[in-house]
Protein chains: 2
Amino acid sequence: MRASVTTIEPNGHFCSDCAVRGFAVCASLDPEELREFEHLGRRVHFAAGETVFSEEDITTSFYNLLEGVMRLYKLLPDGRRQIVGFALPGDFLGMNISDRHNFSADAIGAVTVCQFAKAPFGRFIEDRPHLLRRINELAIRELGQARDHMVLLGRRSADEKVATFLLGWRERLFSLKGSSNTVPLPMSRQDIADYLGLTIETVSRTFTKLERHGAIEILHGGISLRDPARVEALAAA
Amino acid sequence: MRASVTTIEPNGHFCSDCAVRGFAVCASLDPEELREFEHLGRRVHFAAGETVFSEEDITTSFYNLLEGVMRLYKLLPDGRRQIVGFALPGDFLGMNISDRHNFSADAIGAVTVCQFAKAPFGRFIEDRPHLLRRINELAIRELGQARDHMVLLGRRSADEKVATFLLGWRERLFSLKGSSNTVPLPMSRQDIADYLGLTIETVSRTFTKLERHGAIEILHGGISLRDPARVEALAAA
DNA sequence: AAAGCCGATTGACCCAGATCAATTTTGACG
DNA sequence: CGTCAAAATTGATCTGGGTCAATCGGCTTT
């Protein structure tokens with residue numbers, strides 16, 4: 001990790017132009033509320049590899065991811081890591097009940113977030129139940145994803161894990177960038193391994209195997225789905 | 001599974017006397033609201049092994065668990081099962097975004113739930129943001145538990161899984177029944193295995209090993225923590 | 001109390017995926 | 001370019017936990 005190049009932008013931005021306006025938490029706000037909301041958030045940039053917040057840190061801010069990809073993870077005392085999710089634009093991070101973050105979040109590549117100080121944000125929600133409802137909706141969606149991931153971690157084979165990951169990741173990118181058989185993978189093999197409960201070697205071997213069987217093609221920074229049906233069959237099994 | 005002995009009680013109950021009043025969703029309601037709320041829920045009993053709702057069922061009701069223990073699980077097409085959690089009194093079940101349950105729920109032993117029809121419950125929440133906030137709080141707590149469980153499933157050894165499970169289960173029972181080194185385990189070995197991503201044989205062997213080492217004693221329907229410190233050391237590793 | 005059943009335990013063996021160990025490829029920088 | 005360092009791939013070997021196969025033991029039923 002290099003010297004921090006985090007930058008905070010002067011307040012020259014507008015929520016109404018925000019790339020994430022349509023599907024993030026702020027989707028629940030009307031134009032008038034949005035103008036008020038604008039003063040709460042501040043755009044912050046993080047460079048590749050920087051940590052946005054750490055597990056056990058006191059929660060002072062919430063974050064709305066605007067651009068880039070983040071890895072969300074927990075560490076065991078001996079250094080083993082489990083990635084509990086990847087965050088994409090529109091994801092809302094930082095809600096918890098203990099006043100401490102219960103996972104860490106790193107930028108993968110350059111990242112822009114909309115940062116909200118906890119207290120003012122809490123006050124803003126107070127009398128805006130539709131915003132609360134939206135946050136609740138996002139939490140419940142995440143809970144569903146978490147349960148799906150438990151099934152993957154607890155009961156699927158390495159081949160199934162990798163195939164399921166590729167399809168799931170493509171699906172998530174689909175709603176952001178549209179459909180494509182080319183799936184960019186901005187995260188490292190180690191990240192993928194720590195997400196799937198595997199080792200880096202097993203991930204690498206599985207990719208190679210899928211490629212040999214003509215199911216995928218390995219590209220720089222991603223893969224191409226050559227035979228989506230075959231990958232789906234593997235994931236379903 | 002035997003013939004269904006589900007029974008619906010006539011409406012002779014009062015929320016104010018409810019065992020779960022202090023810590024369930026309804027904890028957020030004042031006495032007046034509670035009287036209105038009373039008409040929404042209906043107590044329903046389920047016998048051991050009965051299914052309360054199934055994955056992919058259309059969601060018509062929400063459930064507040066009052067008595068007993070439930071297993072919450074997902075099945076893969078080929079029958080592999082992952083238990084995503086055990087529900088205890090006070091847990092609120094059924095929230096989702098797709099209008100379908102995304103897991104199944106069985107009674108383990110006899111169970112009593114407070115059942116709410118979805119639509120009236122939704123209307124009741126509508127203008128009661130404090131209830132919504134309470135529901136959100138429960139969802140966020142569950143999300144934290146789900147992430148912890150991903151770490152267990154993806155990165156922990158069999159010994160660590162079992163030790164962590166015993167301590168976690170004891171901890172959950174603690175808040176209901178007070179502290180004790182005797183930990184009742186109403187679920188089967190198969191349930192424990194499907195919760196931890198192991199086989200029944202490995203769970204059994206691990207219990208035996210812990211007992212041989214003097215860490216626990218295996219009882220009928222539970223275990224006793226003989227050397228809690230040793231079990232904690234195993235779980236932490 | 002004998003029979004039957006189902007869950008749990010125990011043992012023998014096996015294999016998917018981990019570990020250990022080289023390469024090979026990629027990318028950053030002078 | 002050439003040099004390093006980090007990431008990825010590939011191969012050889014090992015092992016934790018799975019699979020298969022008996023028992024064992026506690027309940028229920030008669």
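Sequence lines set the chain letters: A, B, ... in the order given, protein chains first and strands last, and positions in each chain run from 1.
Residues from residues 155-163 of chain B placing a heavy atom under 4.0 Å of any atom in DNA chain D, listed by number, are Ser157(B), Ala158(B). Residues from residues 196-214 of chain A placing a heavy atom under 4.0 Å of any atom in DNA chain D, listed by number, are Glu201(A), Ser204(A), Arg205(A), Thr208(A). DNA chain C lies under 4.0 Å from no heavy atom of any residue of residues 70-88 of chain A.
Sorted by first and then second residue, the salt bridge (charged side-chain N to carboxylate O under 4.0 Å, His left out) pairs with a member in residues 188-203 of chain B read Arg155(A)-Asp194(B), Arg71(B)-Asp191(B), Arg81(B)-Asp191(B), Arg81(B)-Asp194(B); sequence neighbours excluded. Among pairs with a residue in residues 220-230 of chain A, those fulfilling side chain to side chain donor-acceptor pair (under 3.5 Å) read Glu217(A)-Arg226(A), Asp227(A)-Arg230(A), at least two apart in sequence or across chains.
Residues that satisfy the side-chain contact (heavy atoms from CB on, under 4.5 Å) test with Asp148(B), not counting sequence neighbours, are Lys74(A). Applying the side-chain contact (heavy atoms from CB on, under 4.5 Å) criterion to Leu234(B), with sequence neighbours excluded, gives Asp159(B), Ala163(B), Leu210(B). For Arg172(A), the side-chain contact (heavy atoms from CB on, under 4.5 Å) partners are Phe86(A), Leu88(A), Asp91(A), Trp169(A), not counting sequence neighbours. When the side-chain contact (heavy atoms from CB on, under 4.5 Å) test is applied to Asp17(B), the partners found at least two apart in sequence or on another chain are Phe14(B).
With Glu67(A) contributing its side chain and Val111(A) its backbone, the two residues share no donor-acceptor pair below 3.5 Å. Not one N or O on the side chain of Thr51(A) forms a donor-acceptor pair closer than 3.5 Å with the backbone of Phe53(A).
Between Arg80(A) and Glu160(B) there is a salt bridge, since at least one side-chain N of the basic residue sits less than 4.0 Å from a carboxylate O of the acidic one. With salt bridges taken as basic N to acidic carboxylate O contacts below 4.0 Å, one links Glu142(B) and Arg147(A).
Between the side chains of Asp99(A) and Thr59(A), not a single donor N or O lies within less than 3.5 Å of an accepting N or O. For the residue pair Asn96(B)/Arg141(A), the side-chain donor-acceptor check at 3.5 Å is not satisfied. With hydrogens and angles left out, the side-chain atoms of Thr199(B) and Thr202(B) include a donor and acceptor closer than 3.5 Å.
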At a cut-off of 3.5 Å, list every protein nitrogen or oxygen paired with a nitrogen or oxygen from nucleotides 23-28 of chain C, distance to 0.1 Å.
residue: dT26(C); atom: OP1; partner: His220(A); partner atom: NE2; Å: 2.6

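The outermost nucleotides of DNA chain D lying under 4.0 Å from heavy atoms of chain A, listed 5' to 3', are dA8(D) to dA12(D).
Straight-line distance from the CD1 atom of Ile223(B) to the C1' atom of dT9(C): 17 Å, rounded to whole Å.
The shortest distance between side-chain heavy atoms of Arg212(A) and Thr208(A) falls below 4.5 Å. Residues Val52(A) and Asp106(A) form no side-chain contact, since every pair of their non-hydrogen atoms from C-beta on lies 4.5 Å or further apart.
Ring geometry, Tyr195(A) versus His149(A): the interplanar angle falls under 30°, so the pair is classed parallel (tilted spans 30 to 60°).
Environment of NZ in Lys118(B): crowded, with over 12 heavy atoms of neighbouring residues, nucleotides or ligands closer than 6.0 Å.
Note on the helix from dA1(C)-dT30(D) to dG30(C)-dC1(D): angle between the axes of the first and last five pairs equals 50°, rounded to 10 degrees.
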